[in-house]
Amino acid sequence: MSENWIKVADASDVPEDGTLLVNLRAEPVCLYNLGGKIFATHDTCTPRAASLADGFIEGEEIECPCTRGSFTSRAARRSALRAPRTFALTP
């Protein structure tokens, strides 16, 4: 692992096609396992301060459990009108 990375979990901790909520210092981070590749975004969906880790993954999209806004996870792009802000995605 690079000296610039901070380990927050093992890849095996993130369920296949699922999420895992972790904290990076004081920030909540949602880890996604999409087809065996791990991605990370900020966990908070801003309209209702919902946890994206509690959302639903279907294919490459994650849906907020409160607003039902969805994101294309690999591209970090909004894919629904009520989606929260676009966020950084780190593979």
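Below, each value reflects all heavy atoms present in this structure, side chains not excepted, and no hydrogens, waters or symmetry copies.
Interatomic distance, CG of Asp54 versus SG of Cys45, reported as 11.5 Å (0.5 Å rounding).
Every residue was checked against the side-chain hydrogen bond (donor to acceptor under 3.5 Å, both in side chains) condition with Asn23, not counting sequence neighbours, and none meets it. Shown here are the side-chain contact (heavy atoms from CB on, under 4.5 Å) partners of Ala11, two or more places apart in sequence or in another chain: Ile38.
Residue Ala40 comes nearest to Leu31 through the heavy atom pair CB-CD2, 3.6 Å, listed as atom of the first residue, atom of the second, then distance. Nearest heavy-atom pair, Asn33 versus Gly36, reported as atom, atom and distance to 0.1 Å: OD1-N, 2.9 Å. Closest non-hydrogen pair, Cys66 versus Ala50, comes out as SG-CB, 3.6 Å.
The shortest distance between side-chain heavy atoms of Val29 and Val8 does not fall below 4.5 Å. Between Leu21 and Pro28 the shortest side-chain heavy-atom distance falls below 4.5 Å. Put simply, the side chain of Thr19 reaches to within 4.5 Å of the side chain of Ile57, judged on heavy atoms.
Under a cut-off of 6.0 angstrom, the local environment of CD in Glu16 is crowded, with over 12 non-hydrogen atoms contributed by other residues, nucleotides or ligands.
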Stepwise side-chain contact (heavy atoms from CB on, under 4.5 Å) test for Leu52 and Cys64: CA-CA 6 Å; Leu52 289 175; Cys64 173; 4.1 Å; yes
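Paired with Tyr32 under the rule side chain to side chain contact (heavy atoms under 4.5 Å, CB included), one option of Val14, Thr41, Asp17 passes, and it is Thr41.
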